[in-house]
Amino acid sequence: ELRNSPLVGFDHPIINERMKNALDGEETVDEIKIFRDLEERYYKIKIIPTVLNDSSPGVTIMLEDTTEEKRATEALLESERNFRSLVEEINDTILDINDAGDLLYASPKIKEITGLSAEETIGKSFFSFIDAECGERFRAAMQSARQNNGSELIECSFSVNRDGGQGGERQVKMELSITPKFDEIGMLNGYRVVGRDISARDRAVKGLFKWKSFLTSIVDNIPSMVVVKEVGKGTYVHFNSA
């Protein structure tokens with residue numbers, strides 16, 4: 001047994017069980033975790049039935065230390081979990097499109113913003129959700145972002161119906177950040193688009209201008225003279241018609 005050999009550090013229930021199986025002719029491959037010098041180590045262990053020089057049955061144990069590979073994999077998975085959590089929790093939707101504008105990925109937030117699930121948008125053209133004027137500005141922003149290797153910001157109305165076409169049930173005003181994506185050799189492989197619903201902000205701004213226009217109309221049409229003077233600099237900034 002391993003516990004009575006120089007390999008006592010590898011005295012592990014799985015290894016002992018697999019050694020017994022190997023004596024019966026079964027070859028096995030497993031991954032095990034062992035504590036060595038208070039450190040957690042991972043090994044890939046292959047146990048092969050072997051015939052010894054005296055023709056008696058034996059086993060060959062092949063150990064590969066996979067600790068660093070395991071840690072790297074776990075770190076990558078943790079990073080992916082954190083990224084996925086961030087993507088799902090932020091208020092913006094994240095989209096990946098190719099150079100033609102076809103949607104390759106959409107974060108789950110897109111359903112809350114547009115009413116369409118990610119599955120309903122992937123594979124469709126992003127340009128099918130926006131009008132022609134916005135499409136021209138979006139293409140220009142893609143080209144500018146690519147040439148400058150930076151981000152471009154535009155506003156577009158995103159129109160949705162159950163067929164995925166433009167001009168349907170729901171229209172959402174969105175602020176879109178467009179950033180090119182390049183591979184390891186510098187070739188363009190698409191764009192990352194971050195979309196934010198600014199419908200409420202857009203309505204508030206329009207309401208503010210409407211109210212300002214209303215007040216300006218009243219001030220300009222009353223018979224008394226109205227003068228607006230800036231206190232700090234003493235400059236006049238507005239006179240009404242009177």
Side-chain angles (χ1 to χ4, degrees), residues 86-97 101-103 105-118 120-121 124-180 191-242:
L86 174 64
V87 166
E88 292 176 355
E89 291 175 5
I90 62 174
N91 291 326
D92 302 341
T93 184
I94 297 176
L95 312 171
D96 282 344
I97 62 174
D102 299 324
L103 282 154
Y105 168 80
S107 66
K109 198 71 175 181
I110 194 170
K111 184 172 180 64
E112 182 177 325
I113 295 176
T114 69
L116 293 176
S117 68
E120 290 177 291
T121 59
K124 293 184 172 65
S125 171
F126 184 82
F127 296 104
S128 67
F129 298 104
I130 56 181
D131 61 30
E133 185 273 333
C134 183
E136 290 180 5
R137 289 191 291 111
F138 191 88
R139 286 188 176 90
M142 289 170 65
Q143 183 177 5
S144 178
R146 178 179 180 178
Q147 291 174 345
N148 300 324
N149 192 19
S151 297
E152 293 289 332
L153 192 67
I154 66 170
E155 293 182 5
C156 271
S157 291
F158 194 91
S159 301
V160 179
N161 62 30
R162 303 313 301 176
D163 297 325
Q166 186 270 333
E169 301 172 352
R170 184 177 182 185
Q171 193 168 76
V172 182
K173 188 68 174 289
M174 295 186 71
E175 184 179 75
L176 303 170
S177 172
I178 307 160
T179 307
Y191 295 84
R192 171 71 44 80
V193 180
V194 180
R196 173 173 298 179
D197 184 355
I198 59 169
S199 301
R201 186 181 80 185
D202 187 60
R203 288 192 296 270
V205 170
K206 288 180 179 177
L208 178 62
F209 277 109
K210 184 178 180 180
W211 181 246
K212 182 179 179 181
S213 176
F214 173 70
L215 292 178
T216 301
S217 176
I218 293 176
V219 170
D220 281 346
N221 289 284
I222 61 176
S224 301
M225 185 176 73
V226 176
V227 178
V228 180
K229 183 178 181 181
E230 187 177 294
V231 175
K233 296 181 180 180
T235 56
Y236 295 97
V237 295
H238 182 78
F239 287 90
N240 70 344
S241 300

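Source: prediction; values computed, not measured.
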Report task. List for me each residue that meets side chain to side chain contact (heavy atoms under 4.5 Å, CB included) alongside Ser157, sequence neighbours excluded, and say none if there are none. Result -> Gln171, Lys173
Query raised in the report: Taking the side chain as C-beta and beyond, is there a heavy-atom pair between Phe129 and Leu103 under 4.5 Å?
Result: yes
Query - Under 3.5 Å donor-acceptor, Ser128 side chain and Ser125 backbone - result: yes
**Report entry** Check against side-chain contact (heavy atoms from CB on, under 4.5 Å), Thr93 and Met174
**Finding:** CA-CA 10 Å; Thr93 184; Met174 295 186 71; 4.0 Å; yes
Query raised in the report: Is there a side-chain contact between Arg192 and Leu95, using heavy atoms and a 4.5 Å cut-off?
Result: no
Requested in this report: Only counting residues at least two apart or in another chain, list the ones meeting salt bridge (Lys or Arg N to Asp or Glu O under 4.0 Å) with Glu175.
Outcome: Arg201
**Report entry** Partners passing ring pair (Phe, Tyr, Trp, His ring centres under 6.0 Å) against Phe126 (at least two apart in sequence or in another chain)
**Finding:** Phe138, Phe158
Query raised in the report: Are the side chains of Val172 and Ile113 in touch, meaning some heavy atoms are under 4.5 Å apart?
Result: yes
Query - Ile97 and Val193, any side-chain heavy atoms less than 4.5 Å apart - result: yes
Report summary line: Across all chains, not counting sequence neighbours, the side chain to side chain donor-acceptor pair (under 3.5 Å) partners of Arg139 are none
Query raised in the report: Going from CG on Leu116 to NZ on Lys111, what distance comes out if it is rounded to the nearest 0.5 angstrom?
Result: 7.5 Å
Report task. Check for a donor-acceptor pair, side chain of Glu120 on one end and backbone N or O of Ser117 on the other, with a separation under 3.5 Å. Result -> yes
Got a list of side-chain donor-acceptor pairs under 3.5 Å for residues 227-242, not counting sequence neighbours?
from, atom 1, to, atom 2, distance (Å)
His238, NE2, Asp220, OD1, 3.3
Asn240, OD1, Val226, N, 2.9
Asn240, ND2, Val219, O, 3.0
Asn240, ND2, Ser224, O, 2.7
Ser241, OG, Asp220, O, 3.4

Query raised in the report: Which heavy-atom pair separates Asp92 from Ser107 by the least distance, and what is that distance?
Result: O-OG, 4.3 Å
Report task. Could you give me the CA-CA distance, side-chain angles and deciding distance for Lys124 and Asp102, then say whether side-chain contact (heavy atoms from CB on, under 4.5 Å) is met? Result -> CA-CA 6 Å; Lys124 293 184 172 65; Asp102 299 324; over 6 Å; no
Query raised in the report: Is there a donor-acceptor pair closer than 3.5 Å between any side-chain N or O of Ser217 and the backbone N or O of Ser213?
Result: no
Residues 140-154 side chain polar contacts: donor-acceptor under 3.5 Å, at least two apart:
from, atom 1, to, atom 2, distance (Å)
Ser144, OG, Asn148, ND2, 3.2
Ser144, OG, Glu152, OE2, 2.8
Asn148, ND2, Ser144, O, 3.2
Ser151, OG, Thr179, OG1, 2.6

